[in-house]
Amino acid sequence: MPASTTAQFHLTRATSPAPILTRQNILNNPGFGKHHSDHMVAIDWDVHQGWYDHRVVPYAPLTLDPASLVLHYAQAVFEGLKAYRHPDGSIWTFRPEINAQRLINSAERLGLPELPKELFVQSLKELVQADRDWVPSAPESSLYLRPFMIANEAFLGVRGADQVAYYVIGSPAGPYFASGVTPVPIWVSTQRTRAARGGTGYAKCAGNYAGSLAPLKEARRNGCPQVLFLDAEHGEYLEELGGMNIFVVQKNGTLVTPSLSDSILPGVTRASVIELARANGHHVEERPISINEVRDGLSSGQITEMFACGTAALIFPISVLKSELFSYGNESQVAGPVTLSLRKHLTDIQHGLAPDTRKWMVRLV
Ligand SMILES: *Cc1c(COP(=O)(O)O)cnc(C)c1O
């Protein structure tokens, strides 16, 4: 199939969409991940036909054979991005080609087929066109888009599936910080890691998340909403949170973030923060950062801010890094100026409130 092909999607409208009042109530207070829009995109693939039966259908449970490969061997990859309503009513998304390429890379690592980039971007447009009324307009709100690919072939043998399906669902999302951007404490997992050299850490795959959930429970038991993982080899260098990348800011304005490796997920937000920070005159270093460097930097004042970033929460400041053995930082820290200004710049671009000089935004509707 030539790369530029525009697929024909067949639209089946929901016969019982959410009533307008129900939808408005949801959009007034969407939270995160709790509600879904009226439709979903579905495309099937098999080894003989490639991608076929492109459709937009009413949101509904999937029918899966109990022997589906995904249920046993976790052959599943996904993406996460957002649709933003701009002040003129148009709807946009942020750098979707990077997500499209990342889905290709993730799929390759998991033995899944390649979904062409153009088809990925088109699938977002198809869903948002059908569900445009589900894109909220309140500040910092959006329709979170979740494309995913699963092996739905019924087969208990172990090999890459000959039959898979790709879907996109949408879930309205409100502001991550309902009452002001406040730094949060992060739990450092000192015993359990997320990804190792040669593994699947760089792929956005379901299994990586499964492995992060027990450490996340441990974090929550200790009053931390998120967990930070260290490198598997030395247990010494910062890698990332379960679903977010990490930065530290030095007193001279330099930003430092762990260099990418096959055990770190290459975040679109991470890449965008690096570009924006450099454009705003910050020096940015991508290099290994040890937990001891953070400890020393925080106590000497060399490190003045820390933040995590990813599409869902965008950018949130970190107050302390702690584990059963240590607590580095200051629990009552307020959000720092570098974190806040990068956060505002990025949010403003995404919501159409600041000029998009880099052509990062792609119009969906
Ligand atoms: C999705 C994800 C991120 C953030 O990526 P963005 O493209 O910025 O949303 C970071 N780490 C992990 C493990 C992720 O799955």
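Keep in mind that what you see is a predicted model, and the values were worked out from it rather than measured. All ligand and atom numbering here is 1-based and tracks the order in the structure.
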Pair Val135-Val128, side chain to side chain contact (heavy atoms under 4.5 Å, CB included): steps then yes or no: CA-CA 8 Å; Val135 182; Val128 173; 4.2 Å; yes
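Ring geometry for Phe326 versus Tyr328: interplanar angle under 30°, hence parallel rather than tilted (30 to 60°). Trp51 and Tyr166 have perpendicular rings, their planes meeting at more than 60° on a 0 to 90° scale where under 30° would count as parallel.
A salt bridge does not link Glu79 with Lys204: every distance from a Lys NZ or Arg NE/NH1/NH2 to an Asp or Glu carboxylate oxygen is 4.0 Å or more. Arg270 has no carboxylate O lying under 4.0 Å from a charged side-chain N of Glu240, or vice versa, which leaves the two without a salt bridge.
Judged by a 6.0 Å distance limit and a 45° cone about the ring axis, Arg159 is positioned over the six-membered ring of Phe155.
Protein residues with a heavy atom closer than 4.0 Å to ligand 1 are Arg102, Arg194, Lys204, Tyr209, Glu240, Gly242, Gly243, Met244, Asn245, Leu265, Gly267, Val268, Thr269, Gly310, Thr311, listed by chain and number.
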